[in-house]
Q: 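Take this structure, written in structure tokens, and hold onto it; I'll ask about it next.
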Amino acid sequence: MPTPDPKHSQTFVALGVTFADQVHSLFAGLRTRFDSEAAAVTDESSWKGLRDAWLGRKSGVLTLVTDNWLKPSSPELKRVVGASLNELRAHVDAQIEARRTSIEAGAEASARVKDRVDLSLPGVHRPIGSHHLIRQVFQDIEDIFSSIGFSVVEGPEIETPYYNFEALNIPEYHPVRDDMDTFYLDLPNGAPGPLLLRTHTSPVQIHTMEKCQPPVRVIVPGKVYRRDNPDATHSFMFHQIEGLAVDSDITFCDFTGTIDYFVRQFFGEGVKARFRPSYFPFTEPSVEFDASCIFCGGTGTAKAGGACGKCKGAGWIELFGAGMVDPAVYGFVNYDPKKVSGFAFGIGIDRLAMLKYGIDDIQVFFQNDVRFLRQFP
Ligand code: PHE
């Protein structure tokens, strides 16, 4: 059975409408129908359907009402139809606008739910690096010496032979220069030189004393270079901390007391320090400091029996060179050797770190293998 044409597609003649009352009830019917269709609108596409069905220029309900009811109606009814149509149009316009606003708000609200940051989710993991073990050991040593009044200074890695050797009482013919297989720089013709990569941090002793009058108490962390072939205990670049204390009344006792304090702070209270005579051109007397072996507790015997592998049964491990500053050095920096005295030491950091952390190959410091680095977060 064909669906009957809706009433707004038919004229009043076809519908048999002649009275104003009939007009009112026709419009009331349309309005009810519009309201129920509007109520069913839930999203943008059904809203567009509603708008086109009612406001469409060619075949929307209001256009059909205009064409079929208003235009052909008798002059007596035209006023009533016109007024009712205006009223209906205002209602339809307002409702369609209201539905649009509420659908947009709803869409926004649901988009907000979708995009909301879920704070309970685990965050993006951004790995944070840590200080290299060498840097950590530097820091530990700096902290220990800072706590007893030393300040931290630095110096250049490229030096003149004067600072690296001569001012440290190592004249050109001195055989000790042979110990330091030095890297000299290839300089362009005519450039002032020679220049070299410092073989130790001791030249910073000279720089410091040139700049400051006593009392001087400094430590100098830094890189040093020697023409060594790489193996488990050698590297062409390694790290030192130089120490220098000069004042009017510094004794050998102050010197050994300071070193003793450092060794206990660094390795632990139970560790003892001892010194043996040694030789450096810029210290007199010169000593070599040893610490009681931290692996066998200074007994020389391994826990499992037999000689301790780390100290080779000696009970002592060689730590670093030091001594009272040779008066000849003061001559180079215009200090009066009769009025001042002091001590100096030069600690090999890589070696110290290897001892403290049981590392048996210096090369791991420079390979940057994260499996090694991560063990020292
Ligand atoms: N500069 C010496 C070296 O590198 C160590 C040292 C420093 C010794 C200060 C005595 C005093 O071997």
Side-chain angles (χ1 to χ4, degrees), residues 134 138 141 145 150 152-157 159-171 174-183 196-209 216-228 233-247 250-252 254-256 258-260 262-263 273-291 317-330 332-333 335 337 340-353 355 362:
I134 293 293
F138 267 142
I141 299 176
F145 281 102
F150 283 72
V152 180
V153 299
E154 287 184 16
E157 287 174 28
E159 276 294 4
T160 61
Y162 176 78
Y163 284 101
N164 198 78
F165 296 122
E166 273 108 82
L168 287 161
N169 203 28
I170 314 174
H174 200 292
V176 82
R177 286 208 193 190
D178 297 345
D179 285 353
M180 301 195 178
D181 294 309
T182 311
F183 287 119
L196 52 94
L197 296 177
R198 66 180 177 193
T199 59
H200 50 179
T201 42
S202 302
V204 190
Q205 290 187 31
I206 306 300
H207 289 298
T208 307
M209 289 189 281
V216 166
R217 259 185 230 95
V218 292
I219 53 166
V220 187
K223 294 187 172 87
V224 301
Y225 302 83
R226 291 182 199 177
R227 203 181 57 78
D228 277 327
T233 53
H234 292 87
S235 163
F236 58 83
M237 186 280 294
F238 57 100
H239 303 84
Q240 286 188 335
I241 282 194
E242 191 79 7
L244 175 71
V246 181
D247 205 345
I250 291 189
T251 64
F252 197 86
D254 297 321
F255 169 44
T256 53
T258 305
I259 299 300
D260 200 52
F262 162 69
V263 167
R274 76 167 186 191
F275 56 88
R276 292 173 287 118
S278 183
Y279 174 74
F280 299 100
F282 38 95
T283 46
E284 181 59 35
S286 301
V287 301
E288 202 73 52
F289 261 96
D290 300 339
I317 289 183
E318 197 180 304
L319 283 187
F320 54 87
M324 299 302 285
V325 177
D326 192 309
V329 172
Y330 296 130
F332 288 96
V333 296
Y335 278 15
V340 296
S341 58
F343 61 83
F345 54 88
I347 308 177
I349 299 305
D350 312 75
R351 192 178 141 66
L352 213 67
L355 277 177
I362 193 175

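In what follows, residues are counted from 1 in the order of the sequence shown. Both counts, for ligands and for their atoms, begin at 1 and track the order of listing. Bear in mind the structure is a predicted one, so any value in this text is a computation, not a measurement.
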Q: By the definition ring-ring contact (aromatic ring centres under 6.0 Å, His included), identify the one residue from Phe275, Phe289, Phe345 that meets it with Phe255.
A: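 Among Phe275, Phe289, Phe345, the one meeting ring-ring contact (aromatic ring centres under 6.0 Å, His included) with Phe255 is Phe289.
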
Q: Would you say CZ of Phe236 has more than 12 non-hydrogen atoms from neighbouring residues, nucleotides or ligands within 6.0 angstrom?
A: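 Not more than 12 within 6.0 Å, no.
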
Q: So if I count the atoms of ligand 1 from 1 in the order they appear, which ones are less than 4.0 Å from some heavy atom of Ala322?
A: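 With Ala322 as reference, the close atoms of ligand 1 come out as 8 (C), 10 (C), 11 (C).
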
Q: Would you say Gln205 has any N or O atom under 3.5 Å from an N or O of ligand 1, going by distance alone?
A: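 There is no such contact.
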
Q: I'd like to check which ligand 1 atoms, numbered from 1 as shown, lie under 4.0 Å from a non-hydrogen atom of Ser202.
A: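 Within the 4.0 Å cut-off of Ser202, ligand 1 contributes 1 (N), 7 (C).
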
Q: Test of understanding: given a 4.0 Å heavy-atom threshold, classify the contact between Arg226 and ligand 1 as side chain, backbone, both, or neither.
A: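 Only the side chain of Arg226 comes within reach of ligand 1.
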
Q: Determine which pairs satisfy salt bridge (charged side-chain N to carboxylate O under 4.0 Å, His left out) with at least one residue from residues 340-352, sequence neighbours left out, and list them in order.
A: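 Matches after skipping sequence neighbours: none remain.
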
Q: Number the atoms of ligand 1 from 1 as they appear, then name those within less than 4.0 Å of a heavy atom of Phe345, with their elements.
A: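 Those qualifying, in numeric order: 7 (C), 9 (C), 11 (C).
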
Q: Is the gap between the ring centers of His200 and Phe280 under 6.0 Å?
A: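 Ring-ring flag for His200/Phe280: false, centres at least 6.0 Å apart.
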
Q: Looking only at non-hydrogen atoms, which of Ser286, Gly346, Gly243, Gly348 approaches atom 5 (C) of ligand 1 most closely?
A: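 Minimum heavy-atom distance to atom 5 (C) of ligand 1 goes to Gly346.
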
Q: Does any pair with a residue in residues 159-168 pass salt bridge (charged side-chain N to carboxylate O under 4.0 Å, His left out), and if so which ones, sequence neighbours excluded?
A: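 For residues 159-168: Glu166-Arg177.
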
Q: Counting each atom of ligand 1 from 1 as listed, which ones have a heavy atom of Gly321 under 4.0 Å away?
A: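 Ligand 1 atoms under the 4.0 Å threshold to Gly321: 6 (C), 8 (C), 10 (C).
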
Q: One residue to check: Phe282. Relative to ligand 1, which of side chain, backbone, both or neither has a non-hydrogen atom less than 4.0 Å away?
A: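 Phe282 to ligand 1: side-chain contact only, backbone stays beyond 4.0 Å.
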
Q: Below 3.5 Å, N or O to N or O, backbone or side chain included: is there any such pair between Glu242 and ligand 1?
A: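 In this structure, Glu242 places no N or O atom under 3.5 Å from an N or O of ligand 1.
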
Q: Please check: side-chain N/O of Arg198 versus main-chain N/O of Val204, any donor-acceptor pairing under 3.5 Å?
A: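 No: the side chain of Arg198 does not pair with the backbone of Val204.
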
Q: Is Thr199 close to ligand 1, meaning an N/O of one under 3.5 Å from an N/O of the other?
A: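 N/O-N/O distance under 3.5 Å: no.
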
Q: I need the minimum non-hydrogen distance between Pro221 and Ile241, along with the two atoms involved.
A: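 In terms of heavy atoms, the two residues are closest at CA-CG1, 3.8 Å.
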
